[in-house]
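Report on one structure; see the data block that follows.
Only heavy atoms go into these numbers, but all of them, side chains included; no hydrogens, no water, no symmetry mates. Residue numbering restarts at 1 for every chain, and letters A, B, ... go by the order of the sequence lines.
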Amino acid sequence: MKILDTLSKLEQGVDTSKKVKIYLCGVTVYDESHIGHARTIIVFDVLRKYLESKGTEIEFIQNFTDVDDKIINRASLENKSAEQISNKYIENYFTDFDGLNVKRATNYPKATEHISDIIQFIEKLIEKEMAYSTKNGVYFSVSKFSDYGKLSKKKIDELQSGARIEIDEEKKDPLDFAVWKLSDTDPTWDSPWGKGRPGWHIECSAMSIKYLGENFDIHGGGRDLIFPHHENEIAQSESYTGNQFAKIWMHVGMVTIEGEKMSKSIGNVKSIKHVIDNWGPNIIRLFCLSGHYSKPIDYSEELLKENLIKWRQVETCHYELIHANNENGENIDELIKKISNDFDCALEDDFNTHLALSSFFQLVKESNRLAADEKLGKENVGTIKTELKRMLQILGLKIPEISNQEKNEIDELIKNREKARTEKKYQDADIIRDKLNEMNIELLDHKGQTIWMRKEKIKAEK
RNA sequence: GGUACUCUGGCAGAACGGUUAUGCGUGAGCCUGCAAAGCUUAUACAAGGGGGUUCGACUCCCUCGGGUACCUCCA
């Protein structure tokens, strides 16, 4: 598999013959997760599911930033401890992402649980004279790291002319950033430099190296993290180890809302709760995968609706396959093989989920075409089913299960409707159909048989 | 202002230096007792503006313009 690396700007191969180690910068737990978080996390979810489906072992580490001024502010605002706030939003995170059918990471390390690792990390930076302490805290000395700016393609002298740099007389250079902040406001920890808390970037350096080693395969996150977060991580980590940090930097584009950027001040932040409630997990996942991961994607009713229609086709396909029993099926093994191969090739080539989705929908269309032509024979159903199942699994899409009891009930009602129809009692037949509709069951009248489909209820559809 | 990314038909979104993307939408048809769903078929002949390289550019280069993100410990 090849991934376009932000640092080298080249497509770099991922060695999938051995365990692949991935570190994803997760969320700062001070508020609800939104559709932007969902996109990044879903992209990485599909990446790992694809690699796992190929038999590659994945170690997937995703952090929670649970020390941050935003958390502290929120805590004082709500009269709670920082821990209460972060715990609340961690719990919230899992509710949201379980709801989106995201597989849990191997581990979710938290900054607060790695303070000693962080202190040890900082000590070594000081020892190497890459960091120094002042009366405000410990700072990383940017000028000592000659490659500073290599990820974000920024030049140090240009950065210095930036207007928003805080004036801190204690710092040797305005670009230097805190790795340890001295503070008396909780939460605080003791350190060789005094009571305080870690800076923002240091946790990811310390934790990624702790769990994945000095030189792991993929480091990911949203594009907005390139600077300063990932730039600083590189500076700290490579100073610490003396080696190359992540092999590949993979950054996911932003989600805009109806063409505008998503921001609290505009008030257009779409929480995951909101989007799941309105569209359900499958459509959100399709939406998040509908563009190339590196490019921005625009959240709009129109696009969501388009994905809804596509999802309906998938549902139809699934139920047609369940009921398929035509006598003379068409052999399409070769075609399925090609679609399957195209799907994989798309993902292998810089993880192009949009192209992979077109293969997926091609499979769905092909299957639905055969069903319409009554050529969905018992022999070819197996091939399609297997392939569909494989793709659904990788994409993290799920068609809800139905209990046998419910199935029997449905079959019974359909039988009654068929009876009414043959007797031309159409009013009676329609009453039964309406009743089934209320159970979210739609009927499909084929020539020989009526089949039923449980369509996911989508609030936004009405 | 700087840096990065980006700009393809009504919308979304690909490939490729010379050939139809594809999907949604829209029109027509099939199926149906009627619907719904599904299927078939038709439809866009597009490349932000301007230059250049080339026999030929959507694809390479320059330039102008639009968009998005970031520009530091924190609004």
Side-chain angles (χ1 to χ4, degrees), chain A residues 4 6 9 36 67-70 73 136-137 139-140 142 149 151-155 157-166 168 171 174-181 183 197-202 222-232 251 253-256 259-262 264-265 287 290-292 294-298 300 302-310 312-313 315-317 319-320 346 349 352 354-355 357-362 364-374 420-422 424-427 429-430 433-434 437 442-447 450-453 455:
Chain A
L4 185 70
T6 311
K9 297 174 87 172
V67 189
D68 183 273
D69 290 0
K70 281 179 283 210
N73 291 342
N136 293 330
Y139 292 87
F140 182 87
V142 166
L151 181 72
S152 55
K153 321 294 173 209
K154 291 181 188 300
K155 303 212 165 30
D157 45 337
E158 280 167 0
L159 279 170
Q160 282 172 332
S161 62
R164 283 175 55 185
I165 293 175
E166 180 216 8
D168 178 349
K171 289 204 285 189
L175 288 180
D176 294 348
F177 54 90
V179 290
W180 189 265
K181 295 170 165 179
S183 168
R197 59 176 183 271
W200 174 27
H201 321 291
I202 195 78
R223 283 207 94 82
D224 56 344
L225 294 181
I226 293 174
F227 192 90
H229 187 54
H230 288 162
E231 191 70 71
N232 292 354
H251 289 104
M254 299 292 100
V255 178
T256 56
E260 271 186 312
K261 80 171 194 181
M262 181 165 62
K264 290 206 170 137
S265 55
F287 163 75
S290 66
H292 191 269
S294 65
K295 291 187 179 178
I297 194 171
D298 190 44
S300 68
E302 198 184 350
L303 252 177
L304 269 297
K305 218 164 161 184
E306 194 173 301
N307 284 299
L308 166 66
I309 288 161
K310 289 178 176 177
R312 293 301 187 210
Q313 293 172 356
E315 288 179 315
T316 301
C317 174
Y319 286 102
E320 289 279 15
D349 183 13
N352 193 331
H354 179 267
L355 267 189
L357 282 181
S358 19
S359 295
F360 171 63
F361 291 122
Q362 204 185 329
V364 168
K365 286 230 158 228
E366 200 55 44
S367 175
N368 286 344
R369 199 207 90 221
L370 290 174
D373 290 352
E374 300 185 26
R421 287 177 77 206
T422 44
K424 296 206 192 287
K425 292 177 180 163
Y426 293 122
Q427 267 190 342
D430 287 352
R433 184 166 65 190
D434 290 344
N437 280 346
E442 279 186 27
L443 300 182
L444 226 164
D445 290 330
H446 282 308
K447 268 175 198 148
T450 294
I451 74 164
W452 56 266
M453 307 182 273
K455 296 269 169 150

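- Nucleotides B:U20 and B:C60 have their C1' atoms positioned 24 Å apart, rounded to a whole Å.
- No hydrogens or angles were tested; on distance alone, nothing pairs the side chain of A:Glu306 with the base of B:G25 as donor and acceptor under 3.5 Å.
- To the nearest 0.5 Å, the span separating NZ on A:Lys310 from CG on A:Leu357 amounts to 7.5 Å.
- Following rounding to the nearest Å, A:Asn307 (CG) and B:G23 (P) show an atom-to-atom distance of 15 Å.
- Counting non-hydrogen atoms under 4.0 angstrom, A:His229 reaches nothing in the nucleic acid.
- With B:C74, B:U72, B:C70 as the choices, the nucleotide that has an atom nearest any side-chain atom of A:Asn232 turns out to be B:U72.
- Distances shorter than 4.0 Å separate some side-chain N or O of A:Lys181 from OP1 or OP2 on B:C74.
- Interatomic distance, CD of A:Glu231 versus NZ of A:Lys154, reported as 8.5 Å (0.5 Å rounding).
- With a cut-off of 3.5 Å on both Watson-Crick or G-U wobble distances, the partner of B:A15 is given as none.
- B:G10 and B:C5 have their P atoms separated by 28 Å, given to the nearest Å.
- Remark: the separation of the P atoms in B:C62 and B:U3 is 14 Å, to the nearest Å.
- Side-chain N/O atoms of A:Lys365 include one lying less than 4.0 angstrom from OP1 or OP2 on B:C24.
- Checking the phosphate oxygens (OP1, OP2) of B:C5, a side-chain nitrogen or oxygen of A:Lys9 falls inside 4.0 Å.
- Across all strands shown, B:G33 forms no Watson-Crick or G-U wobble pair with both key distances under 3.5 Å.
- Heavy atoms of A:Phe361 sit nowhere under 4.0 angstrom from any nucleic acid atom.
- Closest contact between the side chain of A:Thr316 and the listed nucleotides B:C74, B:C73, B:G38 involves B:G38.
- Atom P of B:A44 sits at a distance of 33 Å from the matching atom of B:U68, rounded to the whole Å.
- If you check distances only, the side chain of A:Asp445 does reach the base of B:A35 with a donor-acceptor pair under 3.5 Å.
- The base-pairing partner of B:U40, taking Watson-Crick or G-U wobble contacts with both distances under 3.5 Å, is B:A28.
- Using N1 to N3 plus N6-O4 or O6-N4 for Watson-Crick, or N1-O2 and O6-N3 for G-U wobble, each under 3.5 Å, B:U3 pairs with B:A69.
- Side chains of A:His230 and A:His201: a donor-acceptor N/O pair is absent below 3.5 angstrom, by distance only.
- Atom name C1', nucleotides B:U40 and B:A46: the rounded distance is 26 Å, in whole Å.
- When distances are taken from the side chain of A:Ile309 to each of B:A14, B:C74, B:G25, the shortest belongs to B:G25.
- Taking the side-chain hydrogen bond (donor to acceptor under 3.5 Å, both in side chains) definition, one finds that A:Trp200 meets it with nothing, sequence neighbours left out.
- Out of B:A4, B:C39, B:G2, the shortest distance to the side chain of A:Arg223 is found at B:A4.
- With rounding to whole Å, A:Lys153 atom NZ is found 12 Å from B:C5 atom C1'.
- Note on A:Asn437: nothing from the nucleic acid sits closer than 4.0 angstrom, heavy atoms only.
- Rounded to a whole Å, the CH2 atom of A:Trp200 is 13 Å from the P atom of B:C74.
- Atom P of B:C39 sits at a distance of 31 Å from the matching atom of B:C7, rounded to the whole Å.
- A:Leu443 comes within 4.0 angstrom of a base, heavy atoms only.
- Between A:Lys310 and B:A37 there is no side-chain polar atom (N or O) within less than 4.0 angstrom of OP1 or OP2.
- Atom CG of A:Asn307 and atom NZ of A:Lys305 lie 13.0 Å apart (nearest 0.5 Å).
- For B:G18 and B:U72, the P atoms lie 44 Å apart once the distance is rounded to whole Å.
- Along RNA chain B, the nucleotide closest to A:Lys455 and the one closest to A:Glu302 are compared, and the more 5′ of them pairs with A:Glu302.
- Across the strands present, B:C74 finds no partner; the criterion is a Watson-Crick or G-U wobble pair with both atom distances under 3.5 angstrom.
- If you measure from atom CZ of A:Phe227 to atom C1' of B:C73, you get 12 Å, rounded to the nearest angstrom.
- Regarding A:Arg421, its CZ atom lies at a distance of 10 Å from the P atom of B:C34, rounded to whole Å.
- Of the candidate nucleotides B:A37, B:U3, B:A14, B:A37 has the atom nearest to the side chain of A:Leu444.
- Remark: the A:His251 side chain and the A:Thr6 side chain contain an N/O donor-acceptor pair separated by less than 3.5 Å.
- Ranking B:C73, B:U32, B:C39 by closeness to the A:Arg369 side chain, first place goes to B:C39.
- Which of B:A37, B:C70, B:C24 sits closest to the side chain of A:Asp224 comes down to B:C70.
- Note on A:Asp69 versus A:Lys181: salt bridge recorded, some NZ/NE/NH1/NH2 to OD/OE distance being below 4.0 Å.
- Here A:Met262 contributes atom CE and A:Thr256 contributes atom OG1; the two are 9.0 Å apart, rounded to the nearest 0.5 Å.
- Side chain of A:Leu175, nearest nucleotide from B:U22, B:C7, B:U72: B:U72.
- B:C16 and B:U59 are spaced 7 Å apart, taking the C1' atom of each and rounding to whole Å.
- For a distance-only test at 3.5 Å, the side chain of A:Arg433 qualifies as a donor-acceptor partner of the base of B:C34.
- Checking B:U59 for Watson-Crick or G-U wobble geometry (two distances, each under 3.5 Å) identifies no partner in any strand.
- One distance of note links CG of A:Asp349 with CG of A:Leu355; it measures 8.5 Å at 0.5 Å rounding.
- Taking the nucleotide of RNA chain B with the nearest heavy atom to each of A:Asp69 and A:Asp430, the more 5' of the two is matched to A:Asp430.
- In a base pair of the Watson-Crick type (N1 to N3 plus N6-O4 or O6-N4) or a G-U wobble (N1-O2 and O6-N3), with each distance short of 3.5 Å, B:G48 is matched with B:C64.
- The side chain of A:Gln313 places no N or O atom within less than 4.0 Å of a non-bridging phosphate oxygen (OP1 or OP2) of B:G23.
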